[in-house]
Engineer: 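Below you'll find the structure I mean.
Position 1 is the first residue of the sequence; numbering continues from there. Here the structure is a predicted model, which means the values were calculated and not measured.
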Amino acid sequence: MDDSLLPDGDTYNAYINRLRIDHFVRLYREAAKARRPFTVFKLAHECGYRSYLGFYTAFRQRRGTSVMAWTRSEDLEPLDRSISGCLLP
């Protein structure tokens, strides 16, 4: 794909990661508001991430903060408070 066709001058990978992270944010907010049980990694997996490290790196680049710091700032914690098997504080 020609990178000149992408919005904001993104590379193809940056563009795809931006879409995935923005989709993750929407899914997270919807699940938290509906009080549905979920984990951050489960939602990240639904957005196309196969590893937590890949998701974490893309999230930090896009949002400028860690996933845990962002979830705290959203004040909408996952019901089971876990990320890929690790409990959130």
Side-chain angles (χ1 to χ4, degrees):
M1 176 175 218
D2 183 3
D3 287 349
S4 65
L5 301 176
L6 298 174
D8 301 325
D10 282 342
T11 64
Y12 178 76
N13 286 339
Y15 175 70
I16 295 301
N17 279 329
R18 180 168 55 93
L19 293 177
R20 286 177 173 170
I21 295 301
D22 292 350
H23 185 60
F24 167 82
V25 167
R26 281 190 299 279
L27 290 178
Y28 182 96
R29 288 176 175 159
E30 289 170 7
K33 285 180 183 176
R35 305 287 297 154
R36 289 191 312 263
F38 65 95
T39 65
V40 168
F41 185 68
K42 181 180 178 193
L43 294 180
H45 191 265
E46 289 178 26
C47 296
Y49 290 98
R50 299 296 172 243
S51 75
Y52 187 73
L53 181 59
F55 165 70
Y56 179 87
T57 301
F59 189 92
R60 191 165 188 84
Q61 287 174 344
R62 174 78 177 136
R63 305 296 293 192
T65 188
S66 71
V67 178
M68 288 177 59
W70 179 81
T71 59
R72 286 187 192 121
S73 72
E74 285 290 297
D75 199 29
L76 298 169
E77 296 283 341
L79 290 181
D80 68 5
R81 300 181 54 78
S82 68
I83 296 177
S84 65
C86 301
L87 291 181
L88 291 170

Engineer: For a quick test of reading the model, state the closest non-hydrogen atom pair linking T65 to A69 and the distance between them.
Structural biologist: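 Looking at all heavy atoms of both residues, the shortest contact is OG1-CB, 3.3 Å.
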Engineer: Mind checking the CG-SG spacing from L19 to C47? Nearest 0.5 Å is all I need.
Structural biologist: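 Separation between the atoms: 10.5 Å.
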Engineer: Can you find a heavy atom in the side chain of H23 that is under 4.5 Å from one in the side chain of L43?
Structural biologist: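 A side-chain contact under 4.5 Å is absent here.
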Engineer: List the atom of F41, the atom of R50, and the distance in Å for their closest heavy-atom pair.
Structural biologist: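 In terms of heavy atoms, the two residues are closest at CZ-O, 3.8 Å.
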Engineer: Look up atom CZ in R18 and atom CG in N13, then write down how far apart they are to the nearest 0.5 Å.
Structural biologist: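 So the CZ of R18 and the CG of N13 are separated by 13.0 Å.
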Engineer: Establish, yes or no, whether a centroid distance under 6.0 Å links the rings of Y49 and F24.
Structural biologist: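 No: the rings miss the under 6.0 Å criterion.
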Engineer: Can you tell me how far the CE atom of M68 sits from the OG atom of S73, to the nearest 0.5 Å?
Structural biologist: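 The OG atom of S73 is 12.5 Å from CE of M68, to the nearest 0.5 Å.
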Engineer: Evaluate the criterion side chain to side chain contact (heavy atoms under 4.5 Å, CB included) for residue pair F59 and N17; output intermediate values, then yes/no.
Structural biologist: CA-CA 8 Å; F59 189 92; N17 279 329; over 6 Å; no
Engineer: With distance as the sole test, does T57 use its side chain to make a donor-acceptor pair with the main-chain N or O of G54 at under 3.5 Å?
Structural biologist: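 Not a single qualifying donor-acceptor pair exists.
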Engineer: Side-chain contact, heavy-atom cut-off 4.5 Å: V67 with F55?
Structural biologist: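 In short, these two side chains touch, coming nearer than 4.5 Å.
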Engineer: With side chains defined as the heavy atoms from C-beta onward, is the minimum distance between D22 and R62 less than 4.5 Å?
Structural biologist: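 Yes, side chains in contact.
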Engineer: Could you tell me which non-hydrogen atom of F38 sits nearest to which non-hydrogen atom of A32, and how far apart they are?
Structural biologist: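 Between these two residues, the closest heavy atoms are CE2-N, 3.7 Å.
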Engineer: Start with the C-alpha distance between V25 and E74, add both sets of side-chain angles, then the distance that settles side chain to side chain contact (heavy atoms under 4.5 Å, CB included), and finish with yes or no.
Structural biologist: CA-CA 10 Å; V25 167; E74 285 290 297; 5.7 Å; no
Engineer: Between CD1 of I21 and CZ of R63, what distance do you get to the nearest 0.5 Å?
Structural biologist: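 Between atom CD1 of I21 and atom CZ of R63 there are 9.0 Å.
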